[in-house]
2 protein chains.
Amino acid sequence: MARAKPNKELRDLILDEARREMLAQGYRSLSMRKIAAAIGCTATSIYLYFKDKDDLLHALIDEGLDRLHNQLSTSTGEVKDPRRRCERLCRAFLNFAIENREFYEIIFQLHPEHMKRYPQTLYRRARRNLDLFASALAEAAGRPGKISDVDHLQAHVVWAQLHGAVALHQTQRLDFRLNIFQFFDGVVRNALNAIPGPGEES
Amino acid sequence: MARAKPNKELRDLILDEARREMLAQGYRSLSMRKIAAAIGCTATSIYLYFKDKDDLLHALIDEGLDRLHNQLSTSTGEVKDPRRRCERLCRAFLNFAIENREFYEIIFQLHPEHMKRYPQTLYRRARRNLDLFASALAEAAGRPGKISDVDHLQAHVVWAQLHGAVALHQTQRLDFRLNIFQFFDGVVRNALNAIPGPGEES
DNA sequence: CCGTTAAGTTTACACTGTTAACTGTACGAG
DNA sequence: CTCGTACAGTTAACAGTGTAAACTTAACGG
């Protein structure tokens, strides 16, 4: 019964269905057989286009990283003041996390076990996003253009603050009495605290 | 073949083996059949003592929360200065996370899907830990003894900063060039930035 | 017209958590 | 002493999971 027409688009069909299912039911509910059933092929066919399930997941992560990068890099707009640029980045990051729950999860929360063969191109794509923060921090510290180790470090601290907030929120560990907007505001404020004024250094 | 002697300790055996396997191979590798095989019973026997796998996990989380609470509450020792108490708490939290990787993971990273029937006692136990931070913050803000909403909020922000660092570290999302000690130092420093001096308020 | 290549399929394996039905022992009541 | 019941634990089974190997079928080049 094998279709003779080499269905060039099957890979895309798989990817589309995987994304759809992930966004609808969560990435944990992804199953080779379910995806296959939904698009009318067999589970093993997927292995013609993806090495294994992780490989399929990596393709989605890749997509997610691109979306994040777009959202981050357009967020700063024409804003000149480096501190305000930073704030825009933080807000954009949080917005992305909230609006793209499942993408965020596979990008940042997926256990390293699934990353054993994580392709290096994804690492590079991920680094691009952090560098947006780092260069804004470099600018704020009065050395635009060149990202120093300190900027790199501070970018990680800011990132950790944001990620921690998102992670606790998404895993529902926050106290239910907490006002979530105040919380995120406080988080952004504290993240921006990590920015040293121009000239001053710790 | 059912053993006549009612093995009163089977529940403990299960729990011990589950903990052992979790610490040795990670909680993801926990399997009812593996646990059963290791202690010489059948998988279905476990259901006599735990409602399901999540229930077993919850028992381990319970244990982990206790360990964390011990580590946190003994960390401050005789230190009087509230800011230093806060720092001790932060350090103790990070140490716990690093030294108890798997416990940390099931406590803080486990997906809410596994928490559907999360017993309320665990919530209370979890809140105890956050309250240690909140009351130290209340003290630092000059209103010892009574935890205000602001303290509660700031405690969450501090917690998010710490958790973010741990989460990124444990999921191996940090840049490999990053000096991990400098990173954690920066994180603690920034977490403490969230503490307002006595009297001042945002 | 044959042989090769590639796309898809069927089948199978080794797992997973979980339920239902069953077995055998211990103990208390008649 | 025997019967009944409660209980601890078992076996068998179901509905899933990812994935490898072998097989089928269609298209194309010589």
Item to check | Test of ring centre spacing under 6.0 Å for A:Phe103 and A:Phe108 | outcome: no
Checklist entry - Do B:Tyr104 and B:His163 have ring centres separated by under 6.0 Å? => result yes
Let me know the distance between [atom1] of [X] and [atom2] of [N], rounded to the nearest Å.
{"X": "B:His114", "N": "C:dG17", "atom1": "NE2", "atom2": "C1'", "answer": "12 Å"}
{"X": "B:Leu57", "N": "C:dT18", "atom1": "CG", "atom2": "C1'", "answer": "16 Å"}
{"X": "B:Ile46", "N": "C:dG17", "atom1": "CD1", "atom2": "P", "answer": "9 Å"}
{"X": "A:Leu48", "N": "D:dG18", "atom1": "CG", "atom2": "P", "answer": "16 Å"}
{"X": "B:Phe50", "N": "D:dG9", "atom1": "CZ", "atom2": "P", "answer": "13 Å"}
{"X": "A:Tyr47", "N": "D:dA22", "atom1": "OH", "atom2": "C1'", "answer": "17 Å"}
{"X": "A:Asp54", "N": "D:dT17", "atom1": "CG", "atom2": "C1'", "answer": "14 Å"}
{"X": "B:Ile35", "N": "C:dT18", "atom1": "CD1", "atom2": "C1'", "answer": "14 Å"}

Next on the checklist: Please classify the nucleic acid contact of B:Leu30 as base, sugar-phosphate, or nothing, using heavy-atom distances under 4.0 Å.
Outcome noted: sugar-phosphate
Closest to side chain of [X], choosing from [options]:
{"X": "A:Met32", "options": "D:dT19, C:dT18, D:dT17", "value": "D:dT19"}
{"X": "A:Arg33", "options": "C:dC13, C:dT16, C:dT9", "value": "C:dC13"}
{"X": "A:Lys53", "options": "D:dT19, D:dG9, C:dA7", "value": "D:dT19"}

Checklist entry - So do B:Ile35 and B:Leu56 actually touch side chain to side chain, heavy atoms under 4.5 Å? => result yes
Checklist entry - Just wondering, do B:His169 and B:Phe184 contact through their side chains at under 4.5 Å, heavy atoms? => result yes
Item to check | hbond_proxy B:Ser45 side chain to D:dT10 base (donor-acceptor, 3.5 Å cutoff) | outcome: no
Checklist entry - Quick one: the side chain of A:Thr44 and the base of C:dT10, do they pair up donor-acceptor inside 3.5 Å? => result yes
Item to check | Charged N-O contact under 4.0 Å between B:Glu87 and B:Arg83 | outcome: no
